[in-house]
Amino acid sequence: MDFTEDQIQRYSRHILLQDVGPEGQEKISQAKVLMVGAGGLGAPAALYLAAAGVGTIGIIDGDVVDLSNLQRQIIHFTPDVGKAKVTSAQEKINLLNPDVRVEVYPYLLNASNALEIIGKYDFVVDGTDNFPVKFLINDACVLAGKPFSHGGILRFQGQTMTWLPGHACYRCVFQAPPPPNLVPTCSEAGVLGAIAGMLGTIQAAEALKFITGVGELLTDRLLTFDARSMEFRNVKVKSNAHCGVCGEHPTILQPEDYAQATCELKQT
Amino acid sequence: MATYQLDITREHCPMTFVKTKIQLSKLNSGDLLEVFLTEGEPLTNVPKSSTEQGYTVLEVSHVKDNIHKVLIQK
Ligand SMILES: [Zn+2]
């Protein structure tokens, strides 16, 4: 690929890296990444992937921007309140990097559209905020053999892991969505805004590592951190022979929808 | 084995090495690149960075005035 003079300038700090270089930047330019959710995690992840020059970024989110989102969803600005999140995100990405092609899906990921949508991408970033969709993303990605990054945040804590075929999946570790009555209600579920940036940025770095083949991904380990102590831990995780989707006798052969806690359905 | 040339006398750090890397990426292994650069930062850093990133600097020679030539093998 022949970079234009502007592209050489724009991506110079990647090109300088020995492990990325012009070859790695070309891979980034040809990559397709799907962001599920344009919220706390998807916002920083999408911005960094756009800045990096990822060729195609897909964004699926059925929400509109709410004033309460702006404390952490940094791709959305005050005048965007009321606008579809996918539109708001698309506008910022276009402003940040016109090299990036943005594909938007202004609705929720569900069992009937998941395989078709994720099939168009090389890597999926789970930036959702509820367990049913996290399991749906896991199952769809495992069934499709599609690498993805799981991410979750709550209060001051974050966790993330990366899945590639042959490695432990999210369901291997967490088995099933918790019953809706055990999920923190919206009033209990505060979050320090900057945590979203920390976690979403780790996910973006994992996507870029996957695309360029640099380093070791967060496979078979769960990275957790607590911003109060600012301690990061890597917890080793193993494939579970009894996993419903990737175990020896899988029971999940198609993506499934799970009931959501009522508070989450309001999408505020 | 071919020899290519690159003039980075008008570039500044870090674009000096960025341009060098882009040109090197287009070469086949074993090909040579003659890089023309100026004294100071480019002459100090381009050969050093090239070596650090696994290329072989065969020769550094003075051309004229403050212009030097670095011969790099991919
Ligand atoms: Zn599994």
Side-chain angles (χ1 to χ4, degrees), chain A residues 1-33 47-57 93-101 122-123 201 204-217, chain B residues 1-60 63 66-74:
Chain A
M1 155 174 179
D2 282 323
F3 294 103
T4 65
E5 192 63 28
D6 279 356
Q7 287 172 325
I8 292 172
Q9 295 277 348
R10 181 185 284 270
Y11 304 121
S12 58
R13 268 48 173 190
H14 275 162
I15 292 168
L16 282 168
L17 283 170
Q18 181 166 15
D19 288 340
V20 180
E23 299 87 353
Q25 188 59 46
E26 184 173 349
K27 289 181 191 163
I28 294 171
S29 303
Q30 288 166 355
K32 298 179 166 194
V33 177
L47 286 173
Y48 271 108
L49 293 176
V54 168
T56 304
I57 297 179
I93 291 172
N94 289 338
L95 286 170
L96 175 56
N97 190 348
D99 288 347
V100 178
R101 175 183 148 81
D122 305 317
F123 191 88
T201 305
E206 287 287 286
L208 293 170
K209 283 165 58 187
F210 171 76
I211 293 164
T212 55
V214 173
E216 291 107 48
L217 294 163
Chain B
M1 205 166 66
T3 301
Y4 299 83
Q5 292 179 332
L6 176 69
D7 179 357
I8 54 168
T9 55
R10 291 164 186 276
E11 303 290 345
H12 299 282
C13 180
M15 296 311 294
T16 44
F17 189 55
V18 169
K19 292 286 175 74
T20 305
K21 279 192 78 171
I22 297 227
Q23 194 60 46
L24 283 166
S25 76
K26 296 174 181 167
L27 271 54
N28 294 315
S29 189
D31 284 349
L32 300 173
L33 181 65
E34 294 179 331
V35 182
F36 294 87
L37 41 67
T38 54
E39 279 168 8
E41 181 279 322
L43 184 57
T44 309
N45 289 342
V46 169
K48 185 162 146 270
S49 300
S50 300
T51 305
E52 281 170 3
Q53 298 207 0
Y55 302 102
T56 308
V57 176
L58 298 176
E59 189 186 349
V60 181
V63 180
N66 69 337
I67 311 281
H68 294 253
K69 182 176 85 175
V70 178
L71 183 64
I72 304 172
Q73 184 164 44
K74 182 170 183 182

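The model shown is predicted, which means the values in this text are computed figures rather than measured ones. Chain letters run A, B, ... following the sequence lines, proteins first and then strands; every chain starts at 1.
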remark   = Output for pair (A:Asp19 CG, B:Gln53 CD), nearest 0.5 Å, gives 8.5 Å
inquiry  = For A:Phe210, give me all partners under ring-ring contact (aromatic ring centres under 6.0 Å, His included), at least two apart in sequence or on another chain.
reply    = A:Phe123
message = For A:Phe3, which atoms come within 4.5 Å of any heavy atom of chain B: side chain, backbone, both, or neither?
response = side chain
inquiry  = Could you work out, with salt bridge (Lys or Arg N to Asp or Glu O under 4.0 Å) as the rule, every residue matching B:Lys74, not counting sequence neighbours?
reply    = none
task = Not counting sequence neighbours, which residues clear side chain to side chain donor-acceptor pair (under 3.5 Å) with A:Gln9? List them please.
result = none
Which atom of B:Met15 lies closest to which atom of A:Ile8, heavy atoms considered = CE-CG2, 3.4 Å
inquiry  = So for A:Asp2, is it side chain, backbone, both, or neither that comes closer than 4.5 Å to the heavy atoms of chain B?
reply    = side chain
inquiry  = Just to be sure I understand the criterion: a residue of residues 16-33 of chain B counts if one of its heavy atoms is under 4.5 Å from a heavy atom of chain A. Which ones qualify?
reply    = B:Phe17, B:Val18, B:Lys19, B:Lys21, B:Ile22, B:Ser25, B:Lys26
ask   = Using a cut-off of under 4.5 Å for heavy-atom pairs, which of B:Pro14, B:Gly54, B:Ser49 has the most such pairs with chain A?
value = B:Pro14
